[in-house]
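Treat the numbers as computed from the prediction; the structure is a model and nothing was measured.
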Amino acid sequence: LHSTSRRQRQMCIRDRVGADGAGVFCMDVATGELLNHYMNNGDDDKSLSGNTVSDICVDESGVVWIGTSTNGISYLDPEMPDVYRIRHERNNDNSLKSDHVNVMFQDSEGDYWYGTNNGVSLYQPRSRKWTHYLDGTEYSGKVVLALAEDSGGNIWVGGYGIGVYCIHKQTGRVQKKEKRNAHPEKGMATDYVYAIYAEGDYVWFGGIEGEFTPVSYTHLTLPTTSRV
């Protein structure tokens, strides 16, 4: 299950719960009342794009973004009936890189990051531009499961068997953090990173085959070459 809550325009608290195969439920937290149930309808292109929900994100304007395991992204305004969709467009680099979307968030500049089964897609709504990282152009395609932004504006990426990467958004440069077996005193504990949390000067990483690992972004040295 995946859920998120936010104070809505009517000043009531709503919670949205996404389920594997059951779409998205919108509930009133105070009363437990089911307010809406969003599901895919094959005959309605204004319905949820898929019922296997992998992540839910509410942006700064209250729009709800819903990632699915195989059907791209849906987004909706809670006050409007329609659901809109974003999908990968074949042979179009200015689109979502993969319809397998595992994690999403909006950064401090209002741009959107999507972790997919083929790297990371960044969408900048002001320019309507998509940029892709770790998508198989220079690296083999990466299964991304976790994203976070540190207080310096760097984007941290973790996933299944890929370890940890740091993207410097302003330059497009990408740095891979080394695993601990190469540098036992400061390396990452695991290549299987399922959660990233940033607070203050530190970023914390959790996964399997290792303990929680803190990294100070203030000691981050980015490479001189770029990859966008």
Does [X] reach the main-chain N or O of [Y] with its side chain, forming a donor-acceptor pair under 3.5 Å?
X	Y	result
N51	N40	yes
H132	S95	yes
S151	G200	yes
T131	L122	no
K176	I162	yes
S74	S49	yes
N94	W130	yes
H100	S69	yes
H37	A22	yes
D28	G32	no

Criterion side chain to side chain contact (heavy atoms under 4.5 Å, CB included) on M39 and L48, from CA distance to verdict: CA-CA 5 Å; M39 290 277 291; L48 201 66; 5.7 Å; no
State, yes or no, whether a side-chain contact exists between [X] and [Y] at a heavy-atom distance under 4.5 Å.
X	Y	answer
V157	L147	yes
Y123	K129	no
I66	Y75	no
S47	V83	no
S98	H88	no

Under a single-linkage definition using a 4.5 Å side-chain heavy-atom cutoff for Ile, Leu, Val, Met, Phe, Trp and Tyr, are [X] and [Y] assigned to the same hydrophobic cluster?
X	Y	result
L145	V120	no
V193	V143	no
V103	Y192	no
Y160	V101	no
V63	M104	yes

Steps toward side chain to side chain contact (heavy atoms under 4.5 Å, CB included) verdict (Q106, W113): CA-CA 6 Å; Q106 184 183 35; W113 296 79; over 6 Å; no
Spacing of [X] atom [atom1] and [Y] atom [atom2] [to the nearest 0.5 Å]:
X	Y	atom1	atom2	result
K179	M188	NZ	CE	10.5 Å
N117	T70	CG	OG1	10.0 Å
L35	F25	CG	CZ	12.5 Å
N71	I73	CG	CD1	11.5 Å
T116	N102	OG1	CG	7.0 Å

Near-ring test F205/W156, centroid separation under 6.0 angstrom: yes
Between W204 and Y197, ring centroids under 6.0 Å: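 Not close enough - the centres of the two rings lie 6.0 Å or further apart.
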Heavy atoms from other residues, nucleotides or ligands near NZ of K46 exceed 12 (cutoff 6.0 Å): yes
Crowding at CZ, F105 (>12 non-hydrogen neighbours, <6.0 Å): yes
Candidate pair Y165 and Q175, rule side chain to side chain contact (heavy atoms under 4.5 Å, CB included), full reasoning: CA-CA 5 Å; Y165 291 83; Q175 178 188 23; over 6 Å; no
Answer yes or no: is there an ion pair linking [X] with [Y], defined by an N-O contact shorter than 4.0 Å?
X	Y	result
E149	K169	no
R126	D111	yes
R85	D45	no

Intermediate values then yes/no, side-chain hydrogen bond (donor to acceptor under 3.5 Å, both in side chains), D59 and Y112: CA-CA 9 Å; D59 69 19; Y112 299 90; 2.7 Å; yes
Parallel, tilted or perpendicular, as decided by the 30° and 60° cut-offs, for the rings of W65 and Y114: tilted
CA sep, side-chain torsions, deciding dist, call: V174, L134, side chain to side chain contact (heavy atoms under 4.5 Å, CB included): CA-CA 9 Å; V174 179; L134 308 174; 4.1 Å; yes
